[in-house]
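Heavy atoms only: backbone and side chains are in, while hydrogens, waters and symmetry mates are out.
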Amino acid sequence: GETVVSITYRARDDKSGLGKVNYRLLDPQGTSHFEYHYHGNFYTTFFDGDPAAWTTYTISVVLPVGSAPGTWGLESIELSDKVDNKLSNSFVENVHFAVEADDDNDAGRRLQRTHDTSGIAPQMDLAFCSS
């Protein structure tokens with residue numbers, strides 16, 4: 001069936017606050033899938049809240065039935081603040097996911113983070129879960 005992908009990350013900015021966020025998932029066939037994360041301050045002119053406070057954000061993506069099976073990866077994520085300063089992170093070589101059986105439900109599947117060699121990855125928890 002379809003697979004729900006949840007990507008959780010924390011972000012903050014010293015002045016203007018988090019603005020646009022985009023990311024790319026890399027499928028097992030090497031195709032890059034670009035998406036935006038439409039969080040609560042995505043469309044606002046000014047950040048609503050304390051821009052300097054760490055805030056947890058969750059991206060939820062549905063991979064449709066027929067999506068490429070196998071190991072997927074978070075290729076990159078780019079965070080922009082409200083004045084368009086950018087922080088780009090590439091994970092092509094260090095964050096990969098593999099399909100594992102769900103012990104509680106043999107029919108269910110989940111993807112777990114399997115590899116991070118950078119030692120400098122941003123504060124980010126990533127999980128792929130099937131529905």
Side-chain angles (χ1 to χ4, degrees):
E2 61 187 27
T3 300
V4 176
V5 178
S6 296
I7 301 169
T8 303
Y9 64 96
R10 293 181 352 133
R12 68 178 179 177
D13 183 62
D14 62 345
K15 295 180 182 151
S16 65
L18 185 65
K20 292 183 180 175
V21 175
N22 66 69
Y23 61 95
R24 290 181 177 274
L25 296 178
L26 189 62
D27 72 23
Q29 298 167 339
T31 302
S32 183
H33 303 268
F34 177 88
E35 295 288 338
Y36 283 103
H37 175 222
Y38 298 100
H39 58 86
N41 277 293
F42 187 89
Y43 290 111
T44 61
T45 301
F46 301 103
F47 188 84
D48 183 21
D50 180 1
W54 283 107
T55 304
T56 301
Y57 299 91
T58 301
I59 300 168
S60 186
V61 181
V62 176
L63 301 179
V65 174
S67 295
T71 301
W72 284 65
L74 178 62
E75 181 178 359
S76 63
I77 188 167
E78 182 178 83
L79 294 80
S80 300
D81 67 10
K82 289 297 186 179
V83 294
D84 212 26
N85 294 306
K86 293 180 177 18
L87 173 64
S88 298
N89 298 283
S90 174
F91 304 105
V92 171
E93 306 247 345
N94 57 11
V95 178
H96 301 126
F97 304 86
V99 176
E100 292 184 353
D102 185 342
D103 294 336
D104 297 331
N105 178 3
D106 290 337
R109 299 184 311 163
R110 68 178 165 211
L111 294 168
Q112 296 290 330
R113 182 175 175 167
T114 58
H115 192 54
D116 180 357
T117 59
S118 70
I120 56 170
Q123 293 178 325
M124 197 175 283
D125 295 316
L126 304 159
F128 285 52
C129 301
S130 65
S131 57

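The line from CG of D13 to OG1 of T55 is 11.0 Å long, rounded to the nearest 0.5 Å. Between the OH atom of Y23 and the CZ atom of F34 there is a distance of 9.5 Å, given to the nearest 0.5 Å. Rounding to the nearest 0.5 Å places CD1 of I77 at 12.0 Å from OG of S90. Here the CZ-CD distance, from R24 to E35, works out to 10.0 Å after rounding to the nearest 0.5 Å. The CZ atom of F42 sits 10.0 Å away from atom CG of L18, with the distance rounded to the nearest 0.5 Å. A distance of 9.5 Å separates OG in S76 from CG in L26, rounded to the nearest 0.5 Å.
What you find for S60 and V4 is that their closest heavy atoms are OG-CG1, 3.8 Å. Listed here is the closest heavy atom pair of W72 and S67: CZ2-CB, 4.1 Å. Taking each heavy atom of P28 and P69 in turn, the nearest pair found is CG-O, 3.1 Å. Of all heavy-atom pairs spanning S80 and K86, the tightest one is OG-CG, 3.4 Å. I59 and H37 make their closest contact through CG1-CG, 3.3 Å (heavy atoms, listed as atom of the first residue, atom of the second, distance). Closest heavy-atom contact between Q29 and D27: N-OD1, 2.8 Å.
Sparse packing is recorded around CG of D48, with 12 or fewer heavy atoms of other residues, nucleotides or ligands lying under 6.0 Å away. No more than 12 heavy atoms of other residues, nucleotides or ligands sit less than 6.0 Å from atom NZ of K20.
Listed by chain and number, the residues in a ring pair (Phe, Tyr, Trp, His ring centres under 6.0 Å) with Y57 are Y9, H39 (sequence neighbours excluded). Applying the salt bridge (charged side-chain N to carboxylate O under 4.0 Å, His left out) test to K15 and every residue at least two apart in sequence or in another chain returns nothing. Residues that satisfy the salt bridge (charged side-chain N to carboxylate O under 4.0 Å, His left out) test with D50, not counting sequence neighbours, are absent from this structure.
When side chains are defined from C-beta on, T3 does not count as touching V62, because their heavy atoms never get closer than 4.5 Å.
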